[in-house]
Amino acid sequence: MSLLTVKDLVVEFRDADTGGVNRACNHVSLDVDEGEIVGLVGESGCGKSTLGRTIVGLEHARSGSIIFDGVDILSLPGGRQRQARRNLQYIFQDPLAALEPRQTVGSALDEALIIKGERNPRARAARISEILIATNLPSGILTRRPRELSGGQRQRVCIARALLAEPKLLICDEPVSSLDMSLRAQVMNLFLSLRDDLGVAIILIAHDLSIVRQASARVNVMYLGRIVESGPSAELYAEPLHPYSHALTSAILHVDPDIERNRERTVLKGDLPSPFAPPSGCSFRTRCPNAFETCAELEPREWIEAGRSVRCHLYDEVETKQLTMAY
Amino acid sequence: MASFNRRDFLLHALAAGTVAPAIFSSTSVFAQSAGTGTLRVPTAREANDLNPWKYSGLWVVSSLIYDPLVSYGPGGKIVPALAESWTVSDDGLDYVFNLRKGVVFSDGAPFDADAALWNLKHWIGQSDHSWLSVSANFEAMRKIDDTTIGIKLKAAAPPALIELTTINPMRFLSPASADAAGNYVKPVGTGRWVVVNSNANGSELVRNDKYWGDKPDHDRLSIPVIPEGRSRVAAMRAGELDMMGGSFAAKISPQEAETLKAAPGITVVTDMGTDTIVLGFNPTREILKDPAVREAAGLCLDRAAIAKVVMAGYADPTVNLFPPSVPYAGRREPVPGRNVEAAKQALEAAGWTGDGTRQKNGVPLALELVISEDAVPGSRALSEVIQSQLNEAGFQVSIRQVDHVTRHDDIPNMKYDMSLFITNGAPYDPHGSITIFFLSTFTSGTDGKMFVDAKNLDPLILKALAADEADRAAAYQAVLDWLRDNHAICPIYHAKRIWAHTERVATFVFPTTEYEMPDKGIVLA
Amino acid sequence: MTASRAEATTAMRPADQPVLSVKGLSVLLFTETATVRAVTDAGYDVGRGEALAIVGESGSGKTVMNLAPLGLLPGGVRAVVGGSVELSGEDLAVASEERMMQIRGRKVGVVFQDPLSALNPNRRIGPQIEEVLRLRLGLDPNASRARAIELLTMVGIPEPDRRLRLFPHQMSGGMRQRVMIAIAIAGDPELLIADEPTTALDVTIQAQLLELLARLQRQLHMAMVLVTHDIGVVARIADRVAVMYAGTIVEIGTVRDVLKRPRHPYTRALLAAVPAPDAEVGSRFTGLTGSPPDLSTPPAGCAFAPRCVLVQPECRLDAPRLATAGGDHKAACWITTPVSPSGQEFAR
Amino acid sequence: MSRIVLRRFLSALVLMVFASIACFSIVTAFPGNVARVIAEMRSSTVSDEIVRQIEVEYGLNDPLPLRYLHWAGRALSGDLGESLRTGQPVAEALIERAPPTVTLIIGGGLFALVMGAGLAFLGALVPGSIFDRIIHVLSLVGASAPKFFVAALLIYTFGVAFRLLPTYGFGGPLSWILPCISIGIIPGSILSRVARVALAEEMSRQYVVTAISKGLSRRRILMHDAVPNALPVTINAFAMHFAFMVQAALVIEPIFAWPGIAAYFVEAVRFRDYQVLQSCLLVFCIFFILVNLSVDLISVTLDPKQRQKGLA
């Protein structure tokens with residue numbers, strides 16, 4: 001069953017000076033099952049971080065619903081919302097910024113347990129040593145401060161701290177993008193073990209597509225506040241339906257120079273349009289190699305079939321037929 | 001400035017070149033200018049309103065512009081000024097003044113009986129000026145002829161002539177300079193100096209060439225305002241001032257006097273002061289009603305040491321209320337040394353006993369000494385010495401330092417046990433201080449009392465004030481004797497008058513009172 | 001090898017002379033707390049029209065190795081550079097400051113990692129491009145403006161004359177990096193150093209910029225040094241690649257040699273750490289254990305030994321040097337690339 | 001941008017209202033009977049009757065809010081009342097006394113700016129040079145030396161010892177030198193440090209490396225990149241010290257016998273001339289607020305992000 005169901009979520013930002021409105025999440029819907037890793041990919045500014053932050057309550061939703069663990073969070077009053085989100089934890093992109101620089105790792109972890117209400121110091125110590133093992137951190141790290149740690153260690157400390165709250169869902173916003181490739185593996189494997197051993201569900205927000213592909217069962221592709229495609233990751237990568245997904249997967253570089261240099265790549269033209277003035281119709285049409293007149297006129301509807309969904313006018317004609325690559 | 005060609009530019013540059021040295025030579029408005037005839041004397045405050053009938057102006061400046069009918073001579077002798085001669089009727093009610101002939105104001109208007117009466121009308125007999133006996137007792141005045149006027153009083157006022165020597169509101173403004181309604185507009189008098197301008201920067205005066213007496217030796221008088229003592233001393237040392245000092249112009253503290261004395265080319269001159277610093281007791285306080293307590297306090301004071309240490313020697317220790325420079329100052333009493341043992345004995349005998357702070361019937365011998373630097377400069381240091389000297393005999397003295405406004409609230413309202421007072425000095429004394437500080441029926445509203453005793457002291461004071469010239473000395477002596485015998489007050493010292501001048505001043509002559517600027521007799525080198 | 005290289009040098013015609021020739025380069029960095037041997041005994045050549053990629057983890061010295069000889073380390077970092085760096089035969093070590101300014105303006109162009117911080121946020125794009133044209137190329141305002149428009153067109157910026165009036169924050173990351181590239185090629189340089197040029201950008205933009213860099217390099221016939229940690233980028237546009245670990249080049253050769261037949265265990269580990277496109281969903285990631293050594297106290301022996309799967313006792317005694325693994329392909333590993341019996345590798 | 005400007009103006013206006021209330025209440029809360037002081041100014045003799053009469057005349061017994069409204073209303077029409085001590089209209093006195101204060105603040109500000117910015121620039125041009133050491137020493141001395149001490153030292157050196165400059169008085173340009181230096185040297189030395197650090201920080205930024213890679217000289221980068229970018233920080237620091245020069249003027253004006261507004265205030269404090277006190281405080285507050293407002297506006301102008309945002 002679904003652990004988290006986001007339905008028709010709308011989040012808007014208003015520029016205080018110009019009065020312009022940026023609809024960072026535009027009727028976004030998302031499902032996460034228990035113990036599932038779901039990927040969320042897209043370019044910076046597409047709204048993927050906003051979606052994550054709104055789920056954990058860091059941003060204010062304008063409309064829509066977030067049902068977590070059977071509770072419709074947004075319908076609750078403020079204080080109860082925090083209570084309802086107790087089992088939701090957020091991991092930031094920059095672990096250094098997320099940690100208090102003067103606080104030792106030990107006291108940061110201890111604090112998390114105190115906030116949770118654990119009064120017994122002995123129990124807290126025991127819990128911390130468990131979590132260090134789970135996150136593959138040496139116990140000597142407890143007396144160190146964030147600056148004295150390697151990037152991977154810092155990120156694992158952040159994860160350890162989040163885990164102390166015994167979350168059912170972790171939202172990880174670019175958890176490995178600041179890490180070297182050799183360290184990425186350590187952190188990503190930790191996520192996989194958390195899911196396997198503790199049954200934690202994870203929303204993995206990232207722009208590194210190859211990592212998302214390997215880690216998540218399902219992937220959502222976001223573009224300008226919309227989820228334009230979602231589906232099982234192996235299928236989506238092997239056969240992307242949306243032209244944007246196609247461009248994204250095509251951007252994954254192969255390490256074999258022979259393969260890499262001989263393959264066809266879809267290189268998108270131009271930049272992400274301003275979210276304050278998105279294009280009419282399909283917001284991707286300005287960069288889409290397949291765009292035609294309808295794209296500028298109508299917003300595409302969502303086509304769903306066999307666990308995959310896509311928002312693209314290319315599928316208007318095939319309608320009931322099986323969704324396949326139409327270009 | 002549409003076209004500005006090269007020739008114009010050169011012309012301007014040339015002009016600038018000739019003007020520039022002028023600008024830079026007169027670096028300050030008060031810097032020594034090309035002529036040597038400017039005397040530069042600072043005041044600590046600005047002259048403000050030079051209206052002769054108001055009190056807000058600076059009298060030392062007014063004294064240079066306006067003349068009185070009669071002047072205060074050495075030793076309190078009344079000497080002619082705008083009045084060449086005068087007569088007082090035997091009952092002391094009728095005054096007739098024969099005005100000096102041919103005197104004109106600096107604007108050319110004649111000083112005659114009309115001008116004199118016009119001036120008197122502006123203040124005499126009015127409530128704001130009732131602190132002056134000549135005003136309080138005024139009945140009528142009249143023009144006898146063009147150069148003779150008469151003033152009639154309701155009751156005799158022996159200090160009347162001395163009061164007429166003072167500055168505001170006694171002095172004479174040119175009626176021609178007033179507006180149609182007769183109100184003051186600008187300062188024009190018959191005095192030795194004419195105001196060129198006077199503002200917050202200071203006052204610029206030039207010699208009055210129409211002056212009726214000896215004209216000044218120099219043609220300009222520059223009176224800059226320099227509020228800070230330190231800055232005045234520096235300016236003096238830098239040669240930017242010629243002389244400074246006086247209680248009301250720009251007071252030199254004893255410490256500053258020492259600094260100036262050490263500076264090359266600066267002479268510090270002193271003269272016997274005309275006022276007295278007095279430790280006064282609030283006679284309404286129960287503790288202080290006991291003469292033994294007051295006597296003991298007096299015995300504790302080491303006046304010689306205070307004059308030497310606190311005043312750096314610029315003071316004469318005293319037990320007299322008035323210095324000899326004041327008329328009817330009374331017999332000189334020897335200044336006793338400090339005698340703490342005698343003080344202790346006096347207290348013991350009066351029932352004040354115990355170690356540390358003495359007590360009597362459970363009441364500690366604790367007194368509050370209220371001081372204000374604005375009222376008596378040097379109060380802080382003096383009060384600390386008094387505190388420690390009194391403590392030795394078993395007093396417990398606490399000091400409360402207050403500002404100008406609070407003092408003027410608390411002292412008249414008798415919210416103090418002890419306070420430091422300063423007598424008025426010449427020309428107001430002895431009658432002024434005797435009345436203000438000791439007569440129980442008189443309220444000045446600002447000064448408070450050094451001591452009062454309606455039953456015993458008031459009759460003596462009233463007698464002295466009313467006494468004619470022949471009896472006056474004895475009558476004042478009776479008051480002073482009473483004060484001494486009853487240990488009513490503790491006079492401490494007479495501060496010396498201090499002036500300093502540079503070598504530019506060849507001859508320096510003290511003015512007769514501290515309310516005036518040194519002027520007559522000053523000769524520049 | 002020494003002999004053959006000497007022969008090669010003498011035989012080389014001026015036209016074939018490498019644009020950049022680095023020999024025995026060492027860089028010591030002085031930080032507040034320590035002295036760090038950031039680069040040790042590095043050597044490589046880059047020829048005209050050739051792209052050399054330098055890969056390694058952060059802290060491996062790949063950026064310092066390229067920027068320190070040009071005096072382009074971030075503010076406050078003091079460095080001592082040893083060895084020789086020759087640009088078109090001119091030794092940078094003996095160049096005066098004045099000459100260095102000319103070299104930096106005319107002969108070398110640099111593209112930095114983060115285009116937002118690499119551009120002055122408070123100046124318009126135009127002046128930032130034009131100042132180099134005016135000061136280093138001596139163009140007048142009209143000519144420099146025309147040239148700036150031309151440069152922006154070359155790097156694929158639409159409406160260049162309008163863009164010149166914009167501030168960096170008014171452009172997207174991709175556009176800013178294009179501006180940065182325009183600045184780098186403004187002096188018509190012989191060598192382009194691109195320091196992680198696509199790392200800070202989104203994937204779709206990365207693709208655009210890699211195409212652009214590759215096209216410009218061909219078009220302008222520049223030598224290019226591409227510093228990156230992304231092996232995919234190397235595979236895409238580099239001709240040769242040097243792999244750095246702990247301040248030393250551990251493997252160097254053609255892209256095909258190094259990426260398809262890696263010799264050094266570190267190169268192999270890096271390649272393995274890249275998720276395979278056909279990896280099973282949910283399978284574990286491959287990575288390296290441990291972390292790079294602290295270069296303020298460099299270890300004896302092979303710096304990679306503590307993390308190496310092939311480590312042998314002798315690896316911890318003496319540091320291996322680059323030895324040929326066939327042709328120009330060299331690696332520094334006692335185990336995979338033992339020194340040839342002739343011992344000539346030691347003669348350097 | 002006009003939106004931002006308008007907002008800043010409005011908040012400055014609101015601040016001014018609060019400041020005026022504060023000025024009014026602080027002064028009226030002083031102890032001491034004002035009526036008695038007024039009475040004393042009129043005559044040497046003060047009776048309780050006269051005091052009561054004055055209390056009625058000046059509305060001293062009215063409730064405070066009413067007195068404030070009266071005062072504020074009249075102040076808005078330019079009538080700041082009359083000095084209790086001299087009877088002079090306060091507005092007139094303030095205008096009369098403005099030139100010395102304006103000269104002092106502007107002259108001192110300019111000196112501080114030239115000294116601070118100059119030293120910082122020279123220091124940044126050749127880091128570690130003699131200028132850097134001067135900045136270091138000055139910022140240590142400047143932060144600890146009392147203002148009157150600096151003034152006294154200058155007066156002694158240039159006035160008394162060498163007799164080069166006048167020791168007091170507000171006259172020609174030469175007489176401005178010592179007071180302006182006295183008031184400007186402390187903010188100047190602090191500013192030199194702030195500006196030096198700001199420049200150092202700018203010079204350590206990545207865009208400077210870019211500029212070096214373009215083949216530009218250190219001097220040019222300093223002039224065209226670092227200085228403009230260090231300006232907002234420096235201006236902010238300068239403005240703060242510039243505003244606080246009013247406080248320094250309270251010391252400096254009396255020392256140099258400059259009849260300015262600050263000296264007027266000091267004298268008014270002594271005599272509890274509360275009409276003058278309120279007005280001076282109000283003038284100081286308005287000065288503070290205006291300085292802040294101008295800094296805000298300058299910052300907006302200097303920052304292209306804010307500027308563009310407003311235009312869009």
Side-chain angles (χ1 to χ4, degrees), chain A residues 37 41-46 150-153 177 179-189 191-193 195-196 207-217 232-234 237-238 244 247-261 265-272 274 287, chain C residues 55-60 156 158 171-175 199-211 229-239 241 254-256 258-260 266 269-292 307:
Chain A
I37 299 184
V41 298
E43 286 168 282
S44 43
C46 70
S150 72
Q153 282 175 327
S177 62
L179 303 179
D180 264 313
M181 46 203 154
S182 55
L183 294 173
R184 284 181 189 184
Q186 296 175 6
V187 174
M188 289 311 301
N189 288 339
F191 287 135
L192 294 175
S193 326
R195 181 200 57 190
D196 295 347
H207 69 266
D208 189 326
L209 305 165
S210 50
I211 283 179
V212 174
R213 194 200 78 91
Q214 188 170 338
S216 18
S233 62
Y237 279 75
Y244 181 60
L248 284 184
T249 52
S250 155
I252 301 174
L253 297 168
H254 206 282
V255 295
D256 185 324
D258 293 330
I259 299 175
E260 176 56 38
R261 285 170 199 217
R265 295 181 75 193
T266 310
V267 177
L268 287 182
K269 286 186 187 64
D271 292 324
L272 199 68
S274 165
R287 299 172 75 193
Chain C
V55 288
E57 289 169 275
S58 43
S60 63
M171 307 181 102
S172 66
M175 282 298 156
T199 307
L201 304 173
D202 272 311
V203 277
T204 59
I205 309 297
Q206 274 184 21
Q208 296 174 356
L209 280 159
L210 287 178
E211 300 297 316
H229 67 260
D230 189 339
I231 294 177
V233 170
V234 177
R236 180 86 194 168
I237 62 173
D239 299 312
V241 58
T254 62
V255 166
R256 191 163 279 115
V258 175
L259 297 192
K260 300 199 82 157
Y266 178 63
L270 277 186
L271 285 164
V274 178
D278 51 359
E280 194 189 329
V281 169
S283 64
R284 290 294 186 270
F285 290 82
T286 319
L288 281 84
T289 51
S291 47
R307 305 171 80 182

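Within every chain, numbering begins at 1; the chains are lettered A, B, ... in the order of the sequence lines, protein sequences first and strands thereafter.
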In terms of heavy-atom proximity below 4.5 Å to chain A, should Ala276(C) be classed as side chain, backbone, both, or neither?
backbone
What distance separates Gln206(C) CD from His207(A) NE2, expressed to the nearest 0.5 Å?
6.5 Å
Using a cut-off of under 4.5 Å for heavy-atom pairs, which of Glu260(A), His254(A), Arg287(A) has the most such pairs with chain C?
Glu260(A)
Under a 4.5 Å heavy-atom cut-off, does chain A meet the side chain of Val274(C), its backbone, both or neither?
side chain
Chain C: which of Pro232(A), Gly270(A), Ser250(A), Ser233(A) shares the most heavy-atom pairs with it under 4.5 Å?
Gly270(A)
In Gln214(A), Arg184(A), Met188(A), Arg213(A), the residue satisfying side-chain contact (heavy atoms from CB on, under 4.5 Å) with Pro275(C) is Gln214(A)
Over all heavy atoms of both residues, which pair between Ala217(A) and Val281(C) is shortest? Give the atoms and the distance, please.
CA-CG1, 4.1 Å
Check each atom of Glu211(C) against the heavy atoms of chain A and say whether the ones under 4.5 Å are side chain, backbone, both or neither.
side chain
Looking only at Ser44(A), Ser274(A), Ala234(A), Gly42(A), most heavy-atom pairs under 4.5 Å shared with chain C are made by Ser44(A)
Once salt bridge (charged side-chain N to carboxylate O under 4.0 Å, His left out) is applied, do any residues pair with Lys269(A), and if so which ones, sequence neighbours excluded?
none
Can you say whether Leu210(C) sits under 4.5 Å from chain A via the side chain, the backbone, both, or neither, judging by heavy atoms?
side chain
Can you check whether Glu43(A) reaches Ile205(C) side chain to side chain, under 4.5 Å on heavy atoms?
yes
Winner by heavy-atom pair count (cut-off under 4.5 Å) against chain C, out of Leu192(A), Val267(A), Leu268(A)
Leu192(A)
Please state whether the side chain, the backbone, both or neither of Val234(C) comes within less than 4.5 Å of a heavy atom of chain A.
backbone
Which heavy atom in Val255(A) sits nearest to a heavy atom in Leu259(C), and how many Å separate them?
O-CD1, 3.4 Å
Max heavy-atom pairs within cutoff under 4.5 Å with chain A, candidates Ala273(C), Ser172(C), Ala272(C), goes to Ser172(C)
In Å, rounded to the nearest 0.5 Å, how long is the span from CG of Leu253(A) to CD1 of Ile237(C)?
9.5 Å
Top residue by heavy-atom pair count (under 4.5 Å) with chain C, among Gly45(A), Ala185(A), Ser216(A), Ala251(A)?
Ala185(A)
Minimal non-hydrogen separation, Phe285(C) against Asn189(A), with atom names
N-OD1, 2.6 Å
Interface residue of largest heavy-atom contact number with chain C, from Asp271(A), Thr249(A), Ile37(A), Leu248(A), under 4.5 Å:
Asp271(A)
If you look only at pairs with a residue in residues 275-292 of chain C, which of them pass as a salt bridge (Lys or Arg N to Asp or Glu O under 4.0 Å), with sequence neighbours excluded?
Asp196(A)-Arg284(C)
Is Ser283(C) in contact with chain A via its backbone, its side chain, both, or neither, using a 4.5 Å heavy-atom distance?
both
Can any side-chain N or O of Arg236(C) pair as donor or acceptor with the backbone N or O of Pro257(A) at less than 3.5 Å?
no
Name the member of Ala235(C), Gly282(C), Gly287(C), Gly232(C) that forms the most heavy-atom pairs with chain A at distances under 4.5 Å.
Ala235(C)
